[in-house]
Amino acid sequence: MSTFQNTTSASIIFLLTGVPGLEAFHTWISVPFCFLYVTALSGNSLILFAIVNQPSLHKPMYYFLSMLSTTDLGLSISTLVTMLGIFWFNAREISFNACLSQMFFIQLFTVMESSVLLAMAFDRFVAISNPLRYATILTASRIAQIGVATIFRGTLMLTPVMALLKRLSFCRSHVLHHSYCFHPDVMKLSCTDTRINSAVGLTALITTAGLDSIFILLSYVLIIKTVLSIASPEERKKAFSTCISHIGAVAIFYIPLISLSFVHRFGKRAPAYVHTLIANTYLLIPPVLNPIIYSVKTKQIRRAVLKVLHSRETKN
């Protein structure tokens, strides 16, 4: 499926790809993907419902967790239709504008998740280093402002990236290498000079997830310094235990993101299934594991979730 005629973006139809070489088994492959999507959607929805309906969870830490669950839901929904469409119906075609929209929302929720993880790191730093002023520093209005800022920041950074894609023309194969639209993947198919696109895209990545990761690391340096200054070993252990869930969320977000970026830029000789595996891990693992991590490691969330589930069983 390729064409050598210079084609403008408005009339382009891209072809998405499932798992290369395993097209005959897509129906079976869809089973674990369905399980992951159901787990991600139900887990994050349950945490959101528990936080909204339990007054005991109306605190800064849980407000930020609700933002994380919202971004995870958005990230899952952004890819659900195209990914399962390929596995179930071999529905590979996607128009350029639809592709651009999907790409924007995937990247927007990625930037938002990175921003929320940074905000959660700041939340843990304030809670440990200045517990007496915690409630006055992180007020409800300030948390709402942080939430609005994460959306505004993502939109501001990604609008130029998306606008520059509109100027491209395509004269090579229209086959994408993922089951969703990914910025570097689309650029590779263009016959226009994409150096500006690459530079702007890389700048957006560095100034969002790149800077966020540095500030998160700095926050934990300060947190560790504060924890080590606490005299009681028991108090040190208690203080640091409040960060375990957040550290897990940071790891499962940044490791796949960095791996995917490196594979796309430096792993051109890597087998196609490696790109597919890392790309799907990057999108599905954080939304699946975040609710599990916070439910297991945070006693208040676990109790609230169990209470919600128990109340539903009682009603039934």
Side-chain angles (χ1 to χ4, degrees), residues 43-44 46-72 111-154 208-209 211-254 286 289-308:
N44 286 290
L46 194 57
I47 284 184
L48 272 175
F49 186 81
I51 292 172
V52 169
N53 288 279
Q54 299 295 321
S56 62
L57 298 182
H58 293 176
K59 298 176 182 177
M61 174 183 175
Y62 304 113
Y63 288 142
F64 287 126
L65 179 56
S66 68
M67 292 182 195
L68 185 67
S69 293
T70 301
T71 59
D72 281 337
V111 171
M112 287 175 61
E113 182 143 353
S114 178
S115 302
V116 171
L117 289 172
L118 174 59
M120 294 174 86
F122 176 70
D123 167 79
R124 290 299 84 209
F125 170 68
V126 174
I128 291 171
S129 65
N130 205 342
L132 297 178
R133 295 189 58 205
Y134 178 64
T136 57
I137 293 174
L138 288 171
T139 60
S141 61
R142 193 161 289 165
I143 292 169
Q145 289 170 1
I146 291 172
V148 172
T150 61
I151 299 173
F152 179 76
R153 180 198 189 200
T208 52
L211 278 179
D212 291 348
S213 62
I214 293 171
F215 284 123
I216 289 171
L217 181 61
L218 178 61
S219 297
Y220 272 99
V221 170
L222 297 174
I223 287 171
I224 292 170
K225 184 179 178 181
T226 303
V227 170
L228 292 177
S229 67
I230 300 172
S232 168
E234 190 64 29
E235 288 297 318
R236 286 202 297 264
K237 182 179 178 182
K238 184 179 178 181
F240 196 69
S241 67
T242 63
C243 302
I244 298 299
S245 298
H246 179 253
I247 292 172
V250 169
I252 63 175
F253 174 76
Y254 280 102
L289 291 185
N290 280 336
I292 296 172
I293 290 172
Y294 276 93
S295 297
V296 171
K297 291 294 183 180
T298 309
K299 183 167 57 177
Q300 292 87 341
I301 289 292
R302 184 167 64 250
R303 286 177 178 173
V305 169
L306 290 174
K307 189 175 180 180
V308 170

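Any value given below was found using the heavy atoms of this structure, including those in side chains, with hydrogens, waters and symmetry copies removed. This is a predicted model, so every value here is computed, not measured. By convention here, the first residue in the shown sequence is residue 1.
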S.K.: With a cut-off of 3.5 Å and sequence neighbours excluded, list every side-chain donor-acceptor pair involving residues 139-146.
M.R.:
| from | atom 1 | to | atom 2 | distance (Å) |
| --- | --- | --- | --- | --- |
| Thr139 | OG1 | Ser141 | OG | 3.2 |
| Thr139 | OG1 | Arg142 | N | 3.3 |
| Arg142 | NH1 | Ile137 | O | 2.8 |

S.K.: Can you find a pair of side-chain heavy atoms, one from Tyr62 and one from Gln54, that are under 4.5 Å apart?
M.R.: no
S.K.: Who pairs with Asp123 by side chain to side chain donor-acceptor pair (under 3.5 Å), at least two apart in sequence or on another chain?
M.R.: Tyr134
S.K.: Tell me, please, which residues at least two apart from Ser115 pass side chain to side chain donor-acceptor pair (under 3.5 Å).
M.R.: Arg153
S.K.: Under the side chain to side chain contact (heavy atoms under 4.5 Å, CB included) rule, collect the residues that match up with Lys299, sequence neighbours excluded.
M.R.: Arg302, Arg303
S.K.: State which residues pass side chain to side chain donor-acceptor pair (under 3.5 Å) with Tyr63; sequence neighbours excluded, sorted by chain then number.
M.R.: none
S.K.: Show the nearest heavy-atom pair for residues Ile216 and Ala121, with the distance to one decimal.
M.R.: CG1-CB, 4.2 Å
S.K.: With side chain to side chain contact (heavy atoms under 4.5 Å, CB included) as the test, pick out the partner of Val111 among Thr150, Thr208, Asp212.
M.R.: Thr208
S.K.: Mind listing the closest non-hydrogen atom pair of Met120 and Leu68 along with its distance?
M.R.: SD-CD2, 4.2 Å
S.K.: Any side-chain donor paired with an acceptor under 3.5 Å for Ser114 and Tyr254?
M.R.: yes
S.K.: Does the side chain of Leu65 reach to within under 4.5 Å of the side chain of Val116, using non-hydrogen atoms?
M.R.: no
S.K.: Are any non-hydrogen side-chain atoms of Leu218 and Ile214 less than 4.5 angstrom apart?
M.R.: no
S.K.: Would a 4.5 Å heavy-atom cut-off, applied to side chains only, mark Thr298 and Met61 as touching?
M.R.: yes
S.K.: State, with a plain yes or no, whether a side-chain heavy atom of Val305 is found less than 4.5 Å away from one of Phe49.
M.R.: no
S.K.: Just so I know, are the side chains of Leu138 and Phe122 near enough to count as touching, which here means a heavy-atom distance under 4.5 Å?
M.R.: yes
S.K.: Within a strict 4.5 Å, meaning less than it, do heavy atoms of the Ile223 and Ser129 side chains meet?
M.R.: no
S.K.: Please determine which of Tyr220, Phe125, Phe253 meets the ring-ring contact (aromatic ring centres under 6.0 Å, His included) test together with His246.
M.R.: Tyr220
S.K.: Which residues pass the salt bridge (Lys or Arg N to Asp or Glu O under 4.0 Å) test with Arg124, sequence neighbours left out?
M.R.: none
S.K.: Using the side-chain contact (heavy atoms from CB on, under 4.5 Å) rule, take Asn290 and Ile252 through it: C-alpha gap first, then chi angles, then the decisive distance, then the call.
M.R.: CA-CA 8 Å; Asn290 280 336; Ile252 63 175; 3.2 Å; yes
S.K.: Are any non-hydrogen side-chain atoms of Arg133 and Thr136 less than 4.5 angstrom apart?
M.R.: yes
